[in-house]
Amino acid sequence: MPVVTDFTRAFWSGGRASELRIQRCGACRVWLHPPKARCPQCSADDLRYEPASGRATVYTFTLAHHVYRPNLLMPYVIALVELPEQPGLRVTTNIVGCDPGAVHIGMPVRVTFEQIADSVYVPLFVPDLT
Ligand SMILES: [Zn+2]
């Protein structure tokens with residue numbers, strides 16, 4: 001269960017509106033993930049969340065066989081996906097909705113959400129077949 005703070009609430013609740021919300025600097029417009037208290041590029045503290053497109057490509061991934069919660073299908077895919085909004089903007093996630101053996105680097109994916117608590121929606125990614 002992720003620890004939701006005032007700082008990260010917009011990220012975890014974005015799934016309610018089907019939005020992948022990523023922190024962005026209001027001064028220099030750089031996207032930031034994971035969230036930061038101050039922009040590492042221009043030092044501004046005017047950081048807000050904006051919806052990203054929800055599209056991404058698999059940057060790298062691994063197959064995990066460790067059971068950390070019941071009812072989890074094995075193996076599952078832990079991936080780092082890169083968002084098209086900015087080079088190097090990457091999110092750690094799981095790839096779901098396909099055979100784990102079909103996942104490959106460069107694969108187009110799009111966000112989906114799994115609600116795990118009242119206002120907590122975990123962003124997961126599925127193959128983007130569009
Ligand atoms: Zn900035």
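As the structure is a prediction and not an experimental result, all values here were calculated from the model. Heavy atoms only: backbone and side chains are in, while hydrogens, waters and symmetry mates are out.
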Residues two or more places apart in sequence or in another chain: which of them pass side-chain contact (heavy atoms from CB on, under 4.5 Å) with His104?
Met107

When you compare the side chain of Val81 with that of Thr57, does any pair of heavy atoms fall below 4.5 Å?
no

Throw together a table of side-chain donor-acceptor distances under 3.5 angstrom for residues 1-8, partners on residues two or more places apart or in other chains.
from : atom 1 : to   : atom 2 : distance (Å)
Thr5 : OG1    : Phe7 : N      : 3.2
Thr5 : OG1    : Thr8 : N      : 3.3
Thr5 : OG1    : Thr8 : OG1    : 3.4
Asp6 : OD1    : Arg9 : NH1    : 2.6
Thr8 : OG1    : Thr5 : N      : 3.1

Should Glu114 and Tyr121 be marked as a side-chain contact (heavy atoms from CB on, under 4.5 Å) after you check the CA-CA gap, both sets of side-chain angles, and the distance that decides it?
CA-CA 5 Å; Glu114 181 183 351; Tyr121 298 77; over 6 Å; no

Using side-chain contact (heavy atoms from CB on, under 4.5 Å), reason through Leu20 and Leu83 one step at a time and then give a plain yes or no.
CA-CA 10 Å; Leu20 178 64; Leu83 309 186; 4.1 Å; yes

Listed by chain and number, what are the side chain to side chain donor-acceptor pair (under 3.5 Å) partners of Arg29, not counting sequence neighbours?
Glu50

What pairs meet the salt bridge (Lys or Arg N to Asp or Glu O under 4.0 Å) rule with one or both residues in residues 85-108, with sequence neighbours excluded?
Glu82-Arg90

From Arg16 CZ over to Phe113 CZ, what is the distance, rounded to the nearest 0.5 angstrom?
12.0 Å

Linked hydrophobic residues, Tyr59 as query - side chain contacts closer than 4.5 Å:
Leu80

How many angstroms lie between atom OG1 of Thr92 and atom CD1 of Ile78, to the nearest 0.5 angstrom?
9.0 Å

For Thr60, side chain to side chain donor-acceptor pair (under 3.5 Å) partners two or more places apart:
none

May I ask you to test the Lys36-Pro34 pair for a side-chain heavy-atom distance under 4.5 Å?
yes

Under the side-chain contact (heavy atoms from CB on, under 4.5 Å) rule, collect the residues that match up with Tyr49, sequence neighbours excluded.
Ala10, Phe11, Arg21, Gln23, Pro35

Tell me which donor-acceptor pairs under 3.5 Å the side chains of residues 122-130 have, and how far apart each pair is, sequence neighbours excluded?
from   : atom 1 : to     : atom 2 : distance (Å)
Asp128 : OD1    : Arg55  : NH1    : 3.4
Asp128 : OD1    : Thr130 : N      : 3.1
Asp128 : OD1    : Thr130 : OG1    : 2.6
Asp128 : OD2    : Arg55  : NH1    : 2.1
Thr130 : OG1    : Arg55  : NH1    : 3.4

Quick one: pull up OG in Ser13 and CG in Asp118 and give me the separation to the nearest 0.5 Å.
11.0 Å

Please go through Leu32's hydrophobic cluster and name the other residues, only I, L, V, M, F, W, Y counting, with side-chain heavy atoms under 4.5 Å joining them.
Val30, Leu47

If you look at every heavy atom in Ile22 and Ala52, which pair is closest and at what distance?
CG1-CB, 4.0 Å

Among all residues two or more places apart in sequence or in another chain, which pass the side-chain contact (heavy atoms from CB on, under 4.5 Å) test with Phe61?
Val58, Val77, Ala79, Val103, Ile105

